Amino acid sequence: MYDIVEARPLARNIKLFVIKAPRIARKQKPGQFVIVRLDDCGERIPLTIADADPEAGTVTIVVQAIGKTTMLLCMLQAGDKILDIVGPLGKPSEIENFGTAVVVSGSVGTAMAYPTARELKRAGNNVISIVGARSKDLMVLEDEVRAVSNETYVVTDDGSYGHKGLVTDKLKEIMATQKVDYVLAVGPVPMMRAVANLTALEKIKTVVSLNAIMVDGTGMCGGCRVLVDNKSEFACVDGPEFDATRVNFEVLMQRNNMYREQERQSIERLQSDPQAEVDRLRRKHHKLGRELEEATGVTCE
Amino acid sequence: MSETTPAKTKPKSNNPLANKERIKLPRQRVPEQDAGARARNFQEVNLGFPIDQARQESLRCIECPNPGCIEKCPVSVNVKGVIDLILAGDFAAAAAMVRVDNALPAITGRVCPVEDQCESGCVLGKKGEPVGIAYLERFVADWERSSGHFGIPKSAPSTGKKVGIIGSGPAGLACAGDLIQMGHKVHVFEALHELGGVLVYGIPEFRLPKDIVKHEIDVLRRRGVEFETNVVVGKTVTVDELMQDEGFDALFIATGAGLPRFLNIPGEHFNGIYSSNEFLTRVNLMRAYRFPEYDEPLYPCKDRDVIVVGGGNTAMDAVRSALRLGAKSASIYYRRTEAEMPARVEEVHHAKDEGVHFVMLVNPVEFLADEKGNLTAVKCIRQQLGEPDDSGRRSPVATPGSEFVVPCSVAIIAAGTTANPLIQSTTPGLATTKRGYISAKEDTLATSKPGVFAGGDIVTGGATVILAMGAGRKAAKSIDAYLNGLAVLN
């Protein structure tokens, strides 16, 4: 079991967690992810690593409560535990000095784009960040992104903060005024597709980070397969980052809808009594902790 | 019993019958859950021998001087000795005797392809039916578990050497069992959250209940084996880091079968199409059959047509699982004929009894879907058997113009696996085969890196639980020799 060291709300339904996981903290690189499972009845969900502290042995993840597992996770506090966390998985982001790099992120995607933006800056790029969200209360890590970017633009769909409009409007503006060498887009699939369509017109190297449904995260099941150049590739081991022009976003969206009905049922179950679910999870963790001690303490001649 | 004819030439035997009487005894039929009922539940199909049947079956053994059963067993279990202890009524001693050679008797007693192994070596099989060795092995293991007595063999004194085992499947567990007995410190790394590898993610509950796997692992833990889950070697830590920074004196790589093989035909990305690995992992490891109590979702099989492409044991596990999930129809689509199917005869027989359809000499060529990308049908082509291929089996050849479309909502591809490159690609100097598996010497399982051994499916490609266990035992022997400085194995 793994301790939650810190749990801090960042925005509406978005929470930051710092989790003790020394092995992962030591090895992780920007662009990689972990898979977590909250308790013994839980599913395994992939979450991008937003940051890590190898000295303290912790990794940071930013979670938006959108499904049953993320909702339950977002109800946990510092001092709580999660049963399983495994990683770092996937290939790290490709970091080199491209020249001018635009990092486009939507909502919780900003947490995933942030460490890569930081490394791009460190590699000498002129980093321009476009941070988007539907509205102000869904905006996360703006200050962190600003600190590692040469320029930062904030965009909201409803105009409640920064520029009103879409991140692609801003990107189009930037492309019109200067040479862009590299684009990274992380966020909702329609946003990544729109970015890909836009940059393809000028043949700008564009990378997207795909949020496919996964089980094991090691290439064993093939559930996360995405159509890339009309061939199956696995987001967990071949990605999660892919060349945007090669990705079939329609298929990604279709596959991400595969369990819509079951997800609805699970959310309904959770919402009928959320506190009871959290209490049950804490009881289970407590019991498991005791059992683990007993199991490892026993010796046999 | 003492009044019956004693077996004159074998004074120490606990079998009171003469050989000519023994060979007249019919093989005991193992009780099974009724086919109609079991096809709709995930409880175990075979119920196992009660004591009287175990004894009755044991009486059939004629105690050959050179037992073919032991010779044919990949881990050389002393079958003859175990049967004699069953007849003596000392089941705990029988269990301990099995465990000397086999760390996982309750498991192998359920999943071994015995018709090709121990039972094929039984002399009774030449004229009639062999002794039901697997059922007897399972009997002693189950008796041990239910009695709470552990037939744990004594370990040698501590050697102070530390061995890391990568993968907690059958190869890793068998290796761990032997190494701990030799007095080495053993630490097992597992990538998933649950221990057991294919025993928990692959083989379904109705063939191998998870509690049994858990019990066997608990026995290893009691014997001193340490387990660490959630470590993907190659990602979380590398082989070199384990050897250099974490102080392991030797490593055994037993990461098992790798990436799923797909058919590479149009439409394979549609919703409702699974690799057998994913389907079985969702159902077994993640317990999707108990949704919504367990969170894991599964694309619905209930009241729908499910097809499984393939003819191996994995295909049988998948199709029988689909049936238990309430499929309207569950069918095997195989490109050769039943005679070439690699699945165990017993599994095929069970599947048929439960109502699985077998469609032979067909091959899918395209999947069809609705506008949402949900699978609606599969287009197949009929096959004929041509010349034998490398495996000696006759290759299927498509019959031009014989395409036909079958409606289905779920399709599961059980077409085998290819090597997972995670460790090979992150371990400089580790030699691999042309197909990407790890190269290991056949007699010692030593790899190209000193102190690093490999065995099981990551060396051989997809095989069986017991062959993987055999590799685990072989590795334990060479690792022990290596640690004792007996031989330069690389």
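Source: prediction; values computed, not measured. Just so you know, these numbers use all the heavy atoms, side chains as well, and skip hydrogens, waters and symmetry mates. Note on naming: letters A, B, ... go to the chains in the order of the sequence lines (proteins, then strands), and numbering restarts at 1 for each one.
At a 4.5 Å heavy-atom cutoff, the contact between Tyr299(B) and chain A is made by backbone and side-chain atoms alike. Proximity to chain B involves both the backbone and the side chain of Thr218(A), based on heavy atoms less than 4.5 angstrom apart. Residue contact with chain B, scored on non-hydrogen atoms closer than 4.5 Å, involves the side chain of Arg37(A) exclusively. Only the side chain of Phe262(B) comes within less than 4.5 Å of a heavy atom in chain A; its backbone stays farther off. For chain A, no part of Arg290(B) is nearby; none of its heavy atoms comes within less than 4.5 Å. For Thr281(B), the part lying under 4.5 angstrom from a heavy atom of chain A is the side chain only. Using a 4.5 Å cut-off between heavy atoms, Glu250(A) makes no contact with chain B at all. Residue Phe227(B) does not touch chain A at all, counting heavy-atom pairs closer than 4.5 Å. Proximity to chain B (any heavy atom under 4.5 Å) is shown, for Asn230(A), by neither the backbone nor the side chain. Of the atoms belonging to Pro266(B), not a single heavy atom falls under 4.5 Å from chain A. Only the backbone of Lys372(B) comes within less than 4.5 Å of a heavy atom of chain A; no side-chain atom from C-beta onward does. For a residue to count as touching a neighbouring chain, one of its non-hydrogen atoms must lie under 4.5 Å from one of that chain's; by this rule Leu259(B) touches chain A with backbone and side chain alike. Contacts between Leu280(B) and chain A at a heavy-atom distance below 4.5 Å are absent for every atom of the residue.
Across Ile85(A), Asp216(A), Ile35(A), Leu89(A), the residue that shares the most heavy-atom pairs under 4.5 angstrom with chain B is Ile85(A). Note on Val231(B), Thr417(B), Asn277(B): by heavy-atom pairs under 4.5 Å with chain A, the leading option is Asn277(B). Residue with the most contacts toward chain A among Asn420(B), Leu298(B), Thr238(B), Asn264(B): Leu298(B) (heavy-atom pairs, distance under 4.5 Å). Per-residue heavy-atom pair counts under 4.5 Å with chain A were compared for Gly373(B), Pro297(B), Pro300(B), and the maximum is reached by Pro297(B). Between chain A and the residues Glu268(B), Glu226(B), Arg282(B), the largest count of heavy-atom pairs under 4.5 Å involves Arg282(B). When each of Gly217(A), Ala21(A), Gly90(A) is checked for heavy-atom pairs under 4.5 Å with chain B, Gly90(A) comes out on top.
Residues of residues 62-73 of chain A lying under 4.5 angstrom from chain B, judged on non-hydrogen atoms, are Lys68(A), Thr69(A) by number. Contacts from residues 261-284 of chain A to chain B, taken as heavy-atom pairs separated by less than 4.5 Å, involve Gln262(A), Gln265(A), Ser266(A), Arg269(A) in sequence order. Of all residues in residues 241-249 of chain A, none places a non-hydrogen atom less than 4.5 angstrom from a non-hydrogen atom of chain B. Residues of residues 47-60 of chain A lying within less than 4.5 angstrom of chain B, judged on heavy atoms, are absent.
Residues Met286(B) and Gly42(A) approach most closely at CE-O, 3.4 Å, considering heavy atoms. The two residues Thr236(B) and Pro88(A) have their closest heavy-atom pair at CA-CD, 4.0 Å. Across Asp84(A) and Asn230(B), no two heavy atoms sit closer than the pair OD1-ND2, 2.8 Å. Scanning all heavy atoms of the two residues, the minimum distance from Pro260(B) to Gly219(A) falls at CD-O, 3.3 Å.
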Query raised in the report: Is there a salt bridge (Lys or Arg N to Asp or Glu O under 4.0 Å) between Glu241(B) and Lys27(A) once you walk through the steps?
Result: CA-CA 11 Å; Glu241(B) 286 165 345; Lys27(A) 292 288 283 189; 3.0 Å; yes
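Within the model, atoms CE of Met258(A) and CZ of Phe270(B) stand 12.0 Å from one another, a figure rounded to the nearest 0.5 Å. Going from atom OG of Ser232(A) over to atom NE2 of His269(B) covers 8.0 Å, rounded to the nearest 0.5 Å. One finds the CG atom of Asp295(B) at 13.5 Å from the CZ atom of Arg44(A) (value rounded to the nearest 0.5 Å).
In this structure, the side chains of Arg26(A) and Val237(B) stay at 4.5 Å or more apart for every pair of heavy atoms. Between Val215(A) and Glu278(B), the closest side-chain pair of non-hydrogen atoms falls below 4.5 Å.
Note on Arg23(A) versus Glu228(B): salt bridge recorded, some NZ/NE/NH1/NH2 to OD/OE distance being below 4.0 Å.
Crowding of Lys214(B) atom NZ: a count of heavy atoms from other residues, nucleotides or ligands under 6.0 Å not exceeding 12.
A distance-only check finds no donor-acceptor pair linking the side chain of Asn271(B) to the backbone of Asn257(A) [under 3.5 Å].
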